[in-house]
Amino acid sequence: MSVRAQQRNTTAFSRPARRFGVPQTRLAQALSLAPIAVLSTLLLCGCGAKTELTSSTQPPQSATTAEESPEQFVERIQQEWVELNKELEAAFWVRATYLTPDTAVLAAKAGEKSLAFTGKAVAQAKQYHNVDMAPETRRALDFILLGTAMPAPENAESQAELATIATEMEGMYGAGEACNSDGQCRDLEELEKVLRNSRDYDEQLQAWQDWRTISVPMRPKYERFVELTNQGAQTYGFDDLSVMWKSGYDMPVADFEQEVERLWQQVEPLYSNLHCYVRNKLGEFYGADKVDAQSPIPAHLLGNMWAQDWSNIYPLVEPYPGVSDLDVSASLIEQNYTPEAMTQMAEGFFTSLGLPELPASFYERSLLAKPADRDVVCHASAWDMGNGEDPRIKQCVEPTQEQLVTLHHELGHIYYYLMYKDQPFLFKGGAHDGFHEAIGDTITLAMTPAYYAEKGLIPEVTHSEQATLNQQMKMALEKIAFLPFGKLIDQWRWQVFSGQTTAANYNRDWWQLRHNYQGIAPTSPRDERFFDPGAKYHIPGNTPYTRYFLSYIIQFQFYQALCQEAGHDGPLHECSYYGNQAAGDKLGKLLALGASQPWQDALEQVTGTRTMDAKAINAYFAPLAKWLAEQNQGKQCGWSKASF
């Protein structure tokens with residue numbers, strides 16, 4: 001696979017916003033860096049995102065007489081996994097930092113060894129389903145047993161078929177190109193540049209339509225993929241894969257579904273006001289004949305291939321052009337900041353909170369600059385090497401504000417690794433799959449203008465309403481615009497896996513969700529000849545997506561709680577808890593829990609509540625919400641949400 005394709009696949013496993021990377025915990029290196037054929041096989045091994053069975057969903061297996069007690073089995077598996085992981089980590093680190101055919105072979109061999117071990121562990125774990133054991137042992141056992149998002153059927157022939165289909169779909173996406181009649185081809189990177197930079201309506205539309213040609217051949221493969229993974233989920237005692245996915249949140253499935261919808265209802269008014277304002281601005285720019293003031297926004301006009309992040313259209317919607325446009329990047333260049341110095345600044349944020357300094361090996365072994373003599377995967381990622389003793393970052397750092405923010409975010413992952421390193425191996429992870437990304441963003445939310453000023457990167461900040469609104473608009477185009485998209489990706493898949501959406505209606509139901517939740521629509525009918533869901537990596541890559549929606553909610557809860565602990569008195573968006581050790585102590589205790597307790601316990605330790613809640617995100621954006629409501633007065637907001 002080419003370097004560019006390798007980078008594209010790595011990016012696909014990161015959070016969907018533009019700048020942040022992905023934590024590389026345990027076998028996540030395999031998931032993000034393995035060659036495609038190995039990747040698909042690894043996804044069958046049960047070593048990905050952790051889930052937990054509730055007593056009502058445990059497979060009907062009879063207890064067996066095992067040579068080991070459940071406690072002995074879990075302890076042995078963890079010890080063996082630690083040793084295996086040393087080899088796997090080394091192989092995939094070398095692969096990421098030395099992209100050669102030889103390192104691809106080494107990574108593939110390590111992946112195959114991991115597959116054999118994990119498959120055996122999963123098979124052995126099944127015998128303990130109905131054996132009495134301590135709650136912490138049951139939790140660890142379920143992490144072994146249900147650590148895959150892509151369960152395979154039990155028979156070898158179906159397993160092989162599923163691996164082949166997964167490999168083929170990954171390959172179609174990774175090698176995807178749109179070619180015209182003259183034989184000129186453009187890949188995703190080139191097509192995204194058009195949506196990001198062009199303001200030509202027809203040119204943008206062509207790029208948008210072109211990318212969606214690559215997913216059409218995936219459709220029959222995805223239909224069979226659904227059949228096979230549902231069979232796999234049923235071998236674990238679930239009705240279908242959607243139930244299996246939704247069982248990983250320490251609460252009944254029905255309650256979790258209601259919880260996700262409740263969170264969306266809390267933020268929907270703010271999204272609707274942002275949508276209304278943006279639609280009117282786009283109408284002014286492109287003309288009412290292109291953007292109707294009462295209809296969904298044309299899907300190709302929001303600066304992003306999937307309309308999940310609207311940051312690229314900021315110049316078209318900026319509340320007060322040019323106000324407080326502080327250039328942190330220029331200061332980094334003028335002050336000759338090196339990649340190491342930028343990383344040390346980010347580390348200083350954490351040590352100011354009373355958290356420990358990074359080990360010396362971090363700077364000795366991390367890759368912080370793009371080497372001149374070899375190809376590497378430059379996409380930013382954090383790595384938990386050496387079972388918490390040897391954390392590293394891989395990032396080709398440039399002196400820009402975006403890269404500085406990324407460093408702070410990635411160190412959020414690194415400090416998670418450091419703080420939970422004494423947990424048992426199976427509990428080294430976030431309390432649920434949204435926690436790791438939320439922690440990184442909790443840090444970056446505190447990178448306020450006041451923080452940049454304290455670091456000498458911008459002049460002393462003078463607060464003004466206009467500057468605040470510009471800053472909040474920038475953030476809302478990333479954070480708020482993403483929320484409905486973050487929810488509907490898995491909503492569509494839950495409907496597909498459960499049979500509510502049949503193969504005959506894949507595209508219809510996809511666009512109904514995008515229409516109803518996001519208020520966007522294609523410019524022409526996208527009938528069942530197309531397979532538009534497959535044009536988003538996480539569908540053919542089978543990567544669960546609700547984690548991102550949840551992380552965007554709880555990061556503001558964490559941030560608000562830390563600001564309160566720091567004694568912040570004022571608007572929430574102005575808070576930086578930099579330098580406050582009381583906030584750092586609260587954060588450190590959360591990180592140290594890892595995945596050892598249900599997420600409700602971990603959340604309560606920081607926020608004082610056991611419920612995810614969007615009140616904090618609404619409080620943060622209160623100035624923008626008020627301004628948007630004023631701007632939208634007299635405008636026709638909303639759009640019809642009828643069934644297709």
Side-chain angles (χ1 to χ4, degrees), residues 1-14 21-43 45 47-48 80-118 167 170-171 174 339-340 343 358-398 406-407 410-411 413-414 417-418 421 425 428-429 541:
M1 182 164 50
S2 70
V3 174
R4 182 161 60 182
Q6 187 83 41
Q7 290 170 328
R8 188 181 305 135
N9 280 331
T10 306
T11 303
F13 280 94
S14 72
V22 56
Q24 299 294 326
T25 56
R26 290 168 300 190
L27 303 181
Q29 294 97 313
L31 294 177
S32 62
L33 294 171
I36 281 174
V38 176
L39 171 61
S40 300
T41 307
L42 284 170
L43 285 168
C45 76
C47 56
E80 293 177 1
W81 222 326
V82 167
E83 292 304 310
L84 174 64
N85 211 42
K86 293 177 183 178
E87 180 179 343
L88 194 67
E89 288 165 345
F92 280 97
W93 176 262
V94 171
R95 172 59 181 162
T97 56
Y98 290 84
L99 281 171
T100 70
D102 294 333
T103 58
V105 172
L106 295 176
K109 290 297 182 183
E112 290 170 8
K113 189 172 183 179
S114 168
L115 170 65
F117 172 82
T118 312
T167 299
E170 288 257 13
E340 184 169 321
T343 308
L358 295 171
S361 63
F362 174 85
Y363 287 100
E364 295 168 358
R365 300 172 184 176
S366 289
L367 187 148
L368 298 175
K370 185 175 183 179
D373 61 342
R374 65 182 189 271
D375 289 328
V376 300
V377 177
C378 273
H379 186 73
S381 55
W383 295 62
D384 186 10
M385 307 284 283
N387 203 26
E389 300 293 339
D390 181 17
R392 305 177 193 178
I393 280 179
K394 176 188 59 57
Q395 181 179 339
C396 300
V397 180
E398 299 287 342
T406 299
L407 283 167
E410 296 302 334
L411 283 189
H413 296 306
I414 293 293
Y417 306 151
L418 290 176
K421 69 182 180 66
F425 183 78
K428 293 180 187 290

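The line from CD of E80 to CG of N85 is 13.0 Å long, rounded to the nearest 0.5 Å. Annotation: the span from R392 atom CZ to S361 atom OG amounts to 7.5 Å, rounded to 0.5 Å. Distance CG/L368 to NZ/K394: 11.0 Å, rounded to 0.5 Å. Once rounded to the nearest 0.5 Å, the distance linking CD of Q395 with OG1 of T406 reads 5.5 Å. For the atom pair CD1 of I414 and CZ of F362, the computed distance is 5.5 Å after rounding to the nearest 0.5 Å. Going from atom CH2 of W383 over to atom OH of Y417 covers 9.5 Å, rounded to the nearest 0.5 Å.
For the pair I393/S381, no side-chain contact is recorded, criterion being any heavy-atom separation below 4.5 Å from C-beta on. The side-chain heavy atoms of V377 and T97, taken from C-beta on, include no pair separated by under 4.5 Å. Looking only at side-chain heavy atoms (C-beta outward), R365 and D390 come within less than 4.5 Å of each other. Residues C396 and V376 are in side-chain contact: their nearest non-hydrogen atoms beyond the backbone lie under 4.5 Å apart.
Ionic pairing of D384 and K428 is not present here: no N-O contact between side-chain nitrogen and carboxylate oxygen is shorter than 4.0 angstrom.
Using a distance-only test at 3.5 Å, with no hydrogens or angles considered, no donor-acceptor pair links the side chain of S366 to the main chain of Y363.
Residues meeting the salt bridge (charged side-chain N to carboxylate O under 4.0 Å, His left out) test with E340, sequence neighbours left out: none. Residues meeting the salt bridge (charged side-chain N to carboxylate O under 4.0 Å, His left out) test with E83, sequence neighbours left out: K86.
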